[in-house]
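First comes the structure, then the notes that go with it.
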Amino acid sequence: MSASRFRKIALGLPGAVEGAHQAHADFRAGKRTFATLGYPDPNWGMVKLTPEQQSVLVEAEPDIFRPVPGGWGKHGSTNVRLAKASATTLRSALTQAWSNVAPQPKPASRRRR
């Protein structure tokens with residue numbers, strides 16, 4: 001997996017846009033970040049998961065996923081080793097991260113007659 005493929009998958013999610021945070025590319029749904037590239041170095045990406053999602057992925061694929069060191073990792077921020085991740089694995093992780101932060105559609109208002 002390359003950084004450009006990570007970017008393409010992330011931007012393929014509904015409403016996703018690319019920005020930058022602390023000199024790293026980030027990907028947002030609405031105003032909330034769900035993934036970044038280049039941290040801690042260009043060989044890595046990060047997906048913002050729940051601690052439970054993180055636990056499942058780290059246990060299933062320890063060569064690909066690891067908690068971000070420190071407090072962010074304890075809250076679900078998860079590094080992805082790009083060279084080891086398949087497109088399918090990365091798409092699944094990015095989709096979970098996007099779902100965690102994507103704005104929820106407002107229910108249609110009901111008009112009274």
Side-chain angles (χ1 to χ4, degrees):
M1 178 64 50
S2 65
S4 63
R5 186 76 172 130
F6 183 105
R7 177 177 277 110
K8 184 176 181 176
I9 294 170
L11 292 173
L13 295 165
V17 296
E18 184 172 347
H21 179 71
Q22 297 183 352
H24 301 287
D26 69 18
F27 303 92
R28 298 169 187 245
K31 295 181 180 184
R32 299 179 64 198
T33 300
F34 67 91
T36 64
L37 269 172
Y39 180 79
D41 63 49
N43 299 312
W44 294 87
M46 185 282 299
V47 290
K48 191 173 181 181
L49 303 173
T50 66
E52 295 79 17
Q53 291 166 333
Q54 177 190 72
S55 179
V56 169
L57 290 181
V58 169
E59 186 174 323
E61 301 279 1
D63 291 340
I64 299 171
F65 299 103
R66 71 177 188 194
V68 169
W72 289 102
K74 292 176 184 175
H75 293 285
S77 293
T78 307
N79 280 135
V80 182
R81 186 184 313 268
L82 298 176
K84 300 272 186 176
S86 71
T88 301
T89 298
L90 184 59
R91 185 174 288 108
S92 175
L94 282 166
T95 300
Q96 286 180 72
W98 173 87
S99 295
N100 291 338
V101 303
Q104 298 300 311
K106 294 179 181 177
S109 63
R110 297 176 78 122
R111 295 178 69 182
R112 296 176 109 180
R113 292 184 181 206

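What you are looking at is a predicted structure, and each value in this text was computed from that prediction instead of being measured.
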List for me each residue that meets salt bridge (Lys or Arg N to Asp or Glu O under 4.0 Å) alongside Arg7, sequence neighbours excluded, and say none if there are none.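 Counting only residues at least two positions away or on another chain, Arg7 forms a salt bridge (Lys or Arg N to Asp or Glu O under 4.0 Å) with Glu18.
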
What's the spacing between [X] [atom1] and [Y] [atom2] if we round to 0.5 Å?
X: Leu49; Y: Thr78; atom1: CG; atom2: OG1; answer: 4.0 Å
X: Asn100; Y: Gln53; atom1: CG; atom2: CD; answer: 4.5 Å
X: Leu82; Y: Asp41; atom1: CG; atom2: CG; answer: 9.0 Å

Do any N or O atoms from the side chain of Arg81 and from the backbone of Asp63 form a donor-acceptor pair under 3.5 angstrom?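 It does hold such a pair.
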
Exam field: side chain Ser55 to backbone Pro51, donor-acceptor pair closer than 3.5 Å: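 No; judged by distance alone, with no hydrogens or angles, the pair does not exist.
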
Residue pair [X] / [Y]: nearest heavy atoms and the distance that separates them:
X: Lys48; Y: Val101; answer: CD-CG1, 4.4 Å
X: Arg66; Y: Pro40; answer: NH2-CG, 3.4 Å
X: Ile64; Y: Ala85; answer: CG2-CB, 3.9 Å
X: Arg5; Y: Ala87; answer: NH2-CB, 4.0 Å
X: Pro69; Y: Asn79; answer: CD-OD1, 3.9 Å

Using links of under 4.5 Å between side-chain heavy atoms of ILVMFWY residues, direct or through other members, which residues join Val68 in one cluster?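 Tyr39, Met46, Trp72, all in the cluster of Val68.
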
Would you kindly confirm whether Leu57 and Trp44 end up in one hydrophobic cluster when ILVMFWY residues are joined by side chain heavy atoms under 4.5 Å apart?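 Result: no, two separate clusters.
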
State plainly whether one hydrophobic cluster holds both Val80 and Leu11, where clusters connect Ile, Leu, Val, Met, Phe, Trp and Tyr through side-chain heavy atoms under 4.5 angstrom apart.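 As far as the 4.5 Å side-chain criterion goes, Leu11 and Val80 are connected within one cluster.
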
Please tabulate, one pair per line, all N/O donor-acceptor pairs under 3.5 Å involving side-chain atoms of residues 28-36, not counting sequence neighbours.
unit_1	atom_1	unit_2	atom_2	d
Arg28	NE	Asp26	OD1	3.2
Arg28	NE	Asp26	OD2	3.3
Arg28	NH2	Asp26	OD2	2.8

Only one of Val17, Leu37, Leu13, Val47 clears side-chain contact (heavy atoms from CB on, under 4.5 Å) with Phe27; which?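 Single pass found, and it is Leu37.
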
When you compare the side chains of Ser4 and Ser2, does any donor N or O come within less than 3.5 Å of an acceptor on the partner?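 Yes.
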
